[in-house]
Number of protein chains: 2
Amino acid sequence: MSSQAQKGACLSLGKETRCMTCSLSSLCLPLSLNLEDIDQLDRIIKRRQPLKKGDHLFRQGDNFDSVYAVRSGSLKNYIMTNDGEEQITNFHLPSELVGLDGVDCSSYPVSSKALETTTVCEIPYSRLQNLAQELPDLRNQIFSSMSKEIRDDKQMMLLLSKKNAEERIATFLANLSSRFKRRGYSAYTFRLPMSRNEIGNYLGLAVETVSRVFTRFQTLQLIAVNGKEVHITDRQQLQQVAGVTECEIEQPSKLIAS
Amino acid sequence: MSSQAQKGACLSLGKETRCMTCSLSSLCLPLSLNLEDIDQLDRIIKRRQPLKKGDHLFRQGDNFDSVYAVRSGSLKNYIMTNDGEEQITNFHLPSELVGLDGVDCSSYPVSSKALETTTVCEIPYSRLQNLAQELPDLRNQIFSSMSKEIRDDKQMMLLLSKKNAEERIATFLANLSSRFKRRGYSAYTFRLPMSRNEIGNYLGLAVETVSRVFTRFQTLQLIAVNGKEVHITDRQQLQQVAGVTECEIEQPSKLIAS
DNA sequence: ACAAGTAGTTGAGTTGAATCAAGCTTGCTA
DNA sequence: TAGCAAGCTTGATTCAACTCAACTACTTGT
């Protein structure tokens, strides 16, 4: 478990860790920043102590000062409803940026909590802002990340407003599969970092429904599940149930493609 | 109808229209750009011929080249599902920016269609990008708009995944009310620019359900409806049904507040 | 001014997912 | 390693919203 969590982390840990040598840099900095630019970015990034499962990276209402890149582990972001219920708005895997939705607020509009032992790179926003002025590529990268988040959110709205339970879960699994694949893990066998409860919360379904659909998908030979371990037996069929074509699941951005 | 649509438009129409004299500038450019900055922005903005009801501002897949500010009228943005159904992701009222979710794509990820006669200011993205490099305030303004959109999207997810039909419609009406108020219209009496069908599509409800809830709200003396004309009789109660506090409906951004 | 189509309302019946309830499994800790 | 709590699964029942259907009220075009 610990070894799996480390796979996505930087090659050399400790104080000497640099963006330039980080195995994630091609994902969290997909544009071709030149070496000098990377070096500048490197200098403002703080490496933090790992978060333990259940620790908060930040809480809704906390003073907004930094954005974060996940290095290993995973996070859930959630907002609170008036009656104290939580609504999960996102799960974050290694290389993904967290906290950009706080940019124009004095405080974070969501809470972010570790689902397992998790390490992040902290990027103080005020310094990022200064740096963005000098580095057009970096600035575009931030625009790009935000714009991707907006697009993903629209897809999520579609899911929540039009898809039934089976389609939601198929979409969720196919999406996770693509994200793991992109990060060099298997697209077919992976471990869910979140509970059934959290999946249901995120997808707008009751836990029981999540459980039932998992069982149904196993009967249909689409997946094989053992606790949190998932094996996708028929990826194509799963994507068909999801009602999406491959490219919709994780659309490569213009900048990555070029 | 036409006169109402014009209220939000620039004070002087025609070729001489300038951001500086536009009654919307405090909304679409809420930060304190200095006069020189506004002048620079002014030079890159194109005023377009009004769109007629049903005209597209752009279509999903169109080459991304500009973002737009609505001057008068209204737009709906929508994505297409695989089976050709549309999912409305947003309605846009005067002063709101449209098209920012295309920033890191070569093409718009959504379509945008006029709900009535609508005028927009076109801002060519390549030139905005150059300008953003020189004007930190403008750059922050763009970050800010995108980040607000992300926050709104999260609230929409909460609505779609946790709220029932009554809560959804109350939230929708309370939100529109706040947006009209902010633009100098009445918060209590306004005209819905969209059909019941479009409201249902947006909120993840059947048309019939929208209609029934409208009727129920009238019986409860929360609102009075006559076709597309809505009068809010008990705003406080409506907000209570919506399950939000006033500030959540249209959260002022840090930049506007400061 | 009228016909025809579109948008909105209302009622009846159906249904997919929620809720309630109970049993099972896993993992922690004392 | 026994005992307990939390997470997960499965079944039975309920219910909010959907679908289908019929009717009414507006538009719009000729």
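So that the names make sense, note that chain A is the first sequence line, chain B the second, and so on, each numbered from 1.
One N or O donor and one acceptor, one from the side chain of Arg212(B) and one from the base of dT19(D), sit under 3.5 Å apart. Contact of Arg196(A) with dT26(C) (side chain to base): no donor-acceptor pair of N or O atoms is detected under 3.5 Å.
Put simply, NZ on Lys162(A) is 10 Å from P on dC18(D), counting in whole angstrom units. Remark: C1' of dT26(C) and NZ of Lys228(A) are 11 Å apart, rounded to the nearest angstrom. As rounded to whole Å, 14 Å separates atom P of dC18(D) from atom CG of Asn164(A). Rounding to whole angstrom units, CZ of residue Arg191(B) and P of dC26(D) are separated by 13 Å. Atom P of nucleotide dA22(C) and atom CD of Glu208(A) are separated by 14 Å, given to the nearest angstrom. Summarising the geometry, the separation between CG on Leu205(A) and C1' on dT9(D) is reported as 16 Å, rounded to the nearest angstrom. Between Ile169(B) atom CD1 and dA17(D) atom P there is a gap of 10 Å when expressed in whole angstrom units. To the nearest angstrom, C1' of dT27(D) lies 9 Å from NZ of Lys53(B).
Applying the 6.0 Å contact sphere to CD of Gln218(B) captures more than 12 heavy atoms from other residues, nucleotides or ligands.
Phosphate proximity of dC18(D) to Thr209(B): present, with a side-chain N or O under 4.0 Å from OP1 or OP2.
Side-chain contact, Thr189(B) with Glu229(B): no donor N or O sits under 3.5 Å from an acceptor N or O. Side-chain polar atoms of Lys162(B) and Thr81(A) form no donor-acceptor pair below 3.5 angstrom.
Residue Gly204(B) is classed as a sugar-phosphate contact, given heavy-atom separations below 4.0 Å to backbone atoms only. Base contact: Ser211(A) has a heavy atom under 4.0 Å from a base atom.
If Val210(A) and Val210(B) are placed on DNA chain C by their nearest nucleotide, the residue sitting closer to the 5' end is Val210(B).
Heavy-atom minimum distance, Thr233(A) versus Ala224(A): OG1-N, 3.8 Å.
For Ala165(A), counting side-chain heavy atoms from C-beta on, the closest listed nucleotide (dA17(D), dT10(C), dA17(C)) is dA17(C).
Using a 4.0 Å cut-off between charged side-chain N and carboxylate O, Arg183(B) and Glu96(B) make a salt bridge.
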